[in-house]
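Keep in mind that the numbers below use all heavy atoms, side chains included, and drop hydrogens, waters and symmetry copies. Every chain is numbered from 1, with letters handed out A, B, ... down the list of sequences.
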Amino acid sequence: MMEKLRTVRGVHDLLPDALHKHKKVIKAGLNVSSKYCYSEIEIPIFEFSEVFKKPLGNSSDIVTKENYIFKDRSDDELMLRPEGTSGVVRAFLNAGLVQDIPQRFSYFGPMFRYERPQKGRLRQFKQFGVECIGISNSMADIEVISLGYEFLNKLNIIDKISLKINSLGDADSRLNYTKALIDYLNDYKSQLSKDSLKRLSENPLRILDSKNSVDQKILINAPNVLDYLNERSKERFENVCEGLDILKIKYEIDKSLVRGLDYYCHTAFEFITDELGSQGTVLAGGRYDGLSKMLGGVEVAGVGWAAGVERLALMVQGEYINSPDIVLMAQTEVYNHLLLPIMNKLINEGFRVEIIYTGNISKKFKRANKINASFVVLLGEEEVAKKVIKLRNMMLGSEQLIDLNQGIKVIRKTLQN
RNA sequence: GCGGGUGUAGCUCAGUUGGUUAGAGCGCGGGUUUGUGGUACCUGAGGUCGCCGGUUCGAAGCCGGUCACUCGCCCCA
């Protein structure tokens, strides 16, 4: 392979087969979310970097080391979007929709993160997501999780996926808990992993999902987030769980589930599979009531999630088939141009048509067979003279000389069965 | 960002202890039976053996570096 002719690391071409699966995932998402009355929106692929920096938190990996930040010709600092929520909320604020809540949005498109590529982890990847903005009631959390569940269900993969859920509580609860956690962990400072030690001062909650075995041992007796929820937060979380029970959606409360991004509060959840190696999270989200304010807007409640399109596509079955209903061929090249008006007529009748221009008759039939054509229309000396076509049914191997209009009827009738 | 594995034609792989013009199957192109296909036959194209450098009379095979993919960590979707 020519070394210079390649895509950049972690960025892949999508050939028909893979693209087909991606579309299948996105279609299912749009389909289900539109039934929940979520409206599709599209927002820019890049924004002023502040749009992401503020809400995601300056200590988050996404902002510190995984960003694609660059300056354009007018010296504005821009960032390729690493996720969708911040942009959606920004768009919501810009459009003045605070005056018209609730708003329910769905979106999909490429996101960018400078990470080390792996299976199911790319530098340019697609997310499909939904956001329910303007409802602080816990019902919205349930609605959104239910939507995610139905989405995965439509993709026929829900039985390979489990749901984990947790609550971080409101700002008060979060603060109290963080204090307690720091107090506890301070006694183990000498044993904590390097990463965790760093987080102790920057973002203590993130220590909870450390996979370091020593950290995990220390964490066994650490204070539990759920014990530090104040009445309001606790009741809220119970409501969410109850709602899931009523929907018969199975879940597991995971006290170590902490979303990595600063803007989350209250409900956090993840749909996880063990089929994708270490990239098991397939759909994740939570509540982000503080986000709007971080962006400089008024306080607006919100919940949502995002799903990894290529991760889901890896789990989805189905090959891409695009075989023609009818293949057109001429006995010799001189008749090739006579095939074009026939093609136009046939595609206007709604058929999928391909013309085979080269090769001898035998080769042409081989090709027609290979691409799985249902019918062949053959034009030769005799047909042209008699102003008919030869129509061959490739499934049966039968053929007849027939007027084109009559032939169309035959084809239609056959394909309907 | 850290650690392990892999890298030969479009695909799946072979390539003996380093030795002349690097192979197979499948796939692809053209053709054979003078208007017909899942079979057959002939024939062709396609590889600077990921890339760069080193050792050697000589390297696809050894050494170093680099890139990409992959697995685990990290992070997340």
Would one find a side-chain N or O of A:N360 under 4.0 angstrom from OP1 or OP2 of B:U32? yes
Evaluate the ring pair (Phe, Tyr, Trp, His ring centres under 6.0 Å) criterion for residues A:F351 and A:F375: first the C-alpha distance (whole Å), next the side-chain angles of each, then the deciding distance (0.1 Å), finally the verdict. CA-CA 11 Å; A:F351 298 114; A:F375 285 91; 8.5 Å; no
Phosphate OP1/OP2 of B:U39 contacted by A:K366 side-chain N/O (<4.0 Å): no
May I ask you to verify if any side-chain N or O of A:T358 is less than 4.0 angstrom from the OP1 or OP2 atom of B:G30? yes
Counterpart base for B:G46, defined by Watson-Crick or G-U wobble contacts under 3.5 Å: none
OP1, OP2 of B:C69 versus side-chain N and O of A:R9: anything below 4.0 Å? yes
Tell me whether the side-chain N/O atoms of A:T281 come closer than 4.0 Å to OP1 or OP2 in B:C76. no
Is there a Watson-Crick or G-U wobble partner for B:G7 with both distances under 3.5 Å, and if so, which one is it? B:C67
I'd like to know if the side chain of A:S173 pairs up with that of A:D170 as donor and acceptor (distance under 3.5 Å, no hydrogens or angles considered). yes
Which nucleotide, in any strand shown, forms a Watson-Crick or G-U wobble pair with B:U56, with both distances under 3.5 Å? none
Distance criterion of 3.5 Å, no angle test: do you see the side chain of A:E66 paired donor-to-acceptor with the base of B:G1? no
Indicate whether any N or O donor in one side chain lies under 3.5 Å from an N or O acceptor in the other, for A:E143 and A:Y38. yes
Might you point out which heavy atoms bring A:V11 and A:T7 nearest each other, and give the distance in Å? O-OG1, 2.7 Å
Identify the nucleotide, in any strand shown, that forms a Watson-Crick or G-U wobble pair with B:G72, with both distances under 3.5 Å; if there is none, say none. B:C2
When you get a sec, tell me which of B:U32, B:G31, B:C2 is the closest nucleotide to the side chain of A:K363? B:G31
Does the base of B:G37 carry an N or O that pairs as donor and acceptor with the side chain of A:R367 under 3.5 Å? no
